[in-house]
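To start, the structure itself, in structure tokens.
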Amino acid sequence: MNLTPVRILLLATTLCFSLLLPAQCHTELRGTCTGQKLYVQHPAKADGSWCTDSIKLNGKPVAFEKAGAFEIDPAAYNIQPCDTMQLVFMHDCGCKPKLITEMHPPGGKVGFTSVTIDSTGKLEWSVRFDCSGPAPLIGIESKRREHWHRDTLMGMKPKPVGTYTAQVHSYPGKNVYRIAAYQYMGKRSWYSDSVVYYNPAPPITWQYDATQTTITFSDTTRFEIVDEKGKVIQSLSRSKAFTLVKTKAKKRWMYFANNPEPVLLDIPKKRKTLALTLPM
């Protein structure tokens with residue numbers, strides 16, 4: 001192709017102008033919105049102007065301050081906690097902006113900011129998690145015989161920041177509860193502080209009916225029957241009456257309600273009746 005002197009001049013001018021312009025670089029960051037603002041450290045160029053030419057957040061242009069540091073509020077761009085974010089910087093290749101705030105903090109941290117229980121047995125708690133993975137499952141645990149037991153697994157997953165309530169089942173006397181967050185498909189769990197609730201109802205009592213080998217409680221309760229070695233022979237989470245199962249254990253004890261100590265089931269064994277045949 002033959003180039004005229006005019007075309008050669010235009011090409012040379014364009015090339016010279018391109019060499020004078022700083023090279024443009026593209027930096028892309030992906031993460032999850034935690035509900036916090038993003039803070040950017042913004043270097044200046046040698047001539048005193050600023051490094052970044054433009055920013056887009058999820059495809060929307062971001063208005064930012066021409067300064068050594070500035071903030072970006074995801075909420076101003078209709079981005080909610082746990083939404084995916086794509087942050088794109090167009091900047092000179094000789095300098096690069098730096099995101100000070102992480103777009104997703106290191107994994108799976110859950111925090112309980114408060115937990116209370118009122119005079120009716122209603123639990124209320126506030127929880128937050130960092131959105132770096134699936135939301136945890138929430139459970140209510142109660143303390144029995146110095147061990148924590150899961151009473152309820154909530155049928156909901158919490159928001160990144162939220163307050164929740166639940167009515168607990170309590171027994172006469174002292175009841176101790178805490179809230180647990182169970183990591184989805186993981187082995188980590190997080191727990192709130194414990195709270196104490198005193199139920200003023202009269203203690204639960206029980207009676208044994210030898211003719212039916214049944215035990216009846218004065219109110220619905222959980223129970224466990226254990227043998228000499230502490231092995232659970234029989235148990236139910238809620239019962240008002242039940243029939244004792246046959247066992248080879250010489251002795252057995254029963255835990256029920258919130259009683260820390262078991263009661264000995266001193267149940268006499270039935271004697272076998274021998275049939276005698278007398279001579280005629």
Side-chain angles (χ1 to χ4, degrees), residues 9-114 125-138 156-164 181-190 192:
L9 180 60
L10 288 173
L11 181 60
T13 303
T14 303
L15 180 60
C16 181
F17 183 72
S18 298
L19 291 173
L20 291 174
L21 287 175
Q24 284 284 296
C25 280
H26 168 277
T27 297
E28 181 177 327
L29 300 172
R30 290 179 178 270
T32 304
C33 178
T34 62
Q36 305 298 315
K37 293 180 180 180
L38 303 174
Y39 293 92
V40 180
Q41 191 176 44
H42 192 208
K45 297 186 292 186
D47 63 2
S49 60
W50 297 103
C51 173
T52 302
D53 291 324
S54 65
I55 304 173
K56 285 188 176 182
L57 180 58
N58 286 8
K60 296 179 180 179
V62 173
F64 61 97
E65 186 179 358
K66 299 291 185 179
F70 57 86
E71 67 180 28
I72 302 172
D73 186 1
Y77 300 89
N78 295 321
I79 298 175
Q80 302 301 316
C82 289
D83 286 350
T84 300
M85 292 194 300
Q86 180 191 42
L87 193 61
V88 178
F89 293 92
M90 294 300 297
H91 57 90
D92 290 353
C93 291
C95 60
K96 185 178 180 179
K98 181 181 179 181
L99 191 63
I100 301 172
T101 312
E102 293 185 66
M103 292 174 73
H104 45 83
K109 293 182 180 178
V110 178
F112 293 96
T113 55
S114 69
W125 66 93
S126 297
V127 62
R128 66 182 304 151
F129 66 96
D130 63 16
C131 301
S132 60
L137 295 173
I138 296 295
M156 64 179 180
K157 295 180 180 181
K159 299 175 184 178
V161 178
T163 299
Y164 303 89
Y182 308 108
Q183 188 181 55
Y184 178 74
M185 297 296 288
K187 297 181 179 180
R188 295 186 65 187
S189 299
W190 297 266
S192 72

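Computed over heavy atoms, backbone and side chain alike; hydrogens, waters and symmetry mates excluded. Keep in mind it's a predicted model, so treat the numbers as computed, not measured.
The two atoms that bring Pro74 and Lys37 nearest to each other are CD-CA, 4.1 Å, heavy atoms only. What you find for Phe112 and Trp190 is that their closest heavy atoms are CE1-O, 3.7 Å. Closest heavy-atom contact between Tyr77 and Ala63: OH-N, 3.4 Å. Contact between Asp83 and Asn78 at its shortest, heavy atoms only, is OD2-O, 4.4 Å. Smallest separation of non-hydrogen atoms from Gln80 and Cys33: O-CB, 3.4 Å. Asn58 and Thr84 get closest at one heavy-atom pair: ND2-O, 3.1 Å.
Here the rule is side-chain contact (heavy atoms from CB on, under 4.5 Å) with His91, and of Pro43, Ser54, Cys25 only Cys25 fits it.
Although no hydrogens or angles enter the test, the distance criterion places no donor-acceptor pair under 3.5 Å between the side chain of Asp92 and the main chain of Gln24.
With rounding to the nearest 0.5 angstrom, the CH2 atom of Trp125 is 10.0 Å from the OG1 atom of Thr163. Rounded to the nearest 0.5 Å, atoms CG (Asp73) and CD (Gln36) are 10.0 Å apart. Expressed to the nearest 0.5 Å, how far CE of Met90 lies from SG of Cys51 amounts to 11.0 Å. Rounding to the nearest 0.5 Å gives a distance of 9.5 Å between CD of Gln86 and CG of Leu29. Annotation: the span from Glu65 atom CD to Ile72 atom CD1 amounts to 12.0 Å, rounded to 0.5 Å.
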Going through the distances and angles, do Ile55 and Val40 end up as a side chain to side chain contact (heavy atoms under 4.5 Å, CB included)?
CA-CA 11 Å; Ile55 304 173; Val40 180; 5.7 Å; no

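Side-chain contact between Phe89 and Pro97 is present, with at least one heavy-atom pair separated by less than 4.5 Å. Using a 4.5 Å heavy-atom cutoff, the side chains of Leu87 and Met85 are not in contact. A 4.5 Å side-chain heavy-atom check between Ile138 and Tyr164 finds every atom pair outside the cut-off.
Note on ring orientation: taking the six-membered ring where Trp is involved, the planes of His42 and Trp50 are parallel (angle under 30°, cut-offs 30° and 60°).
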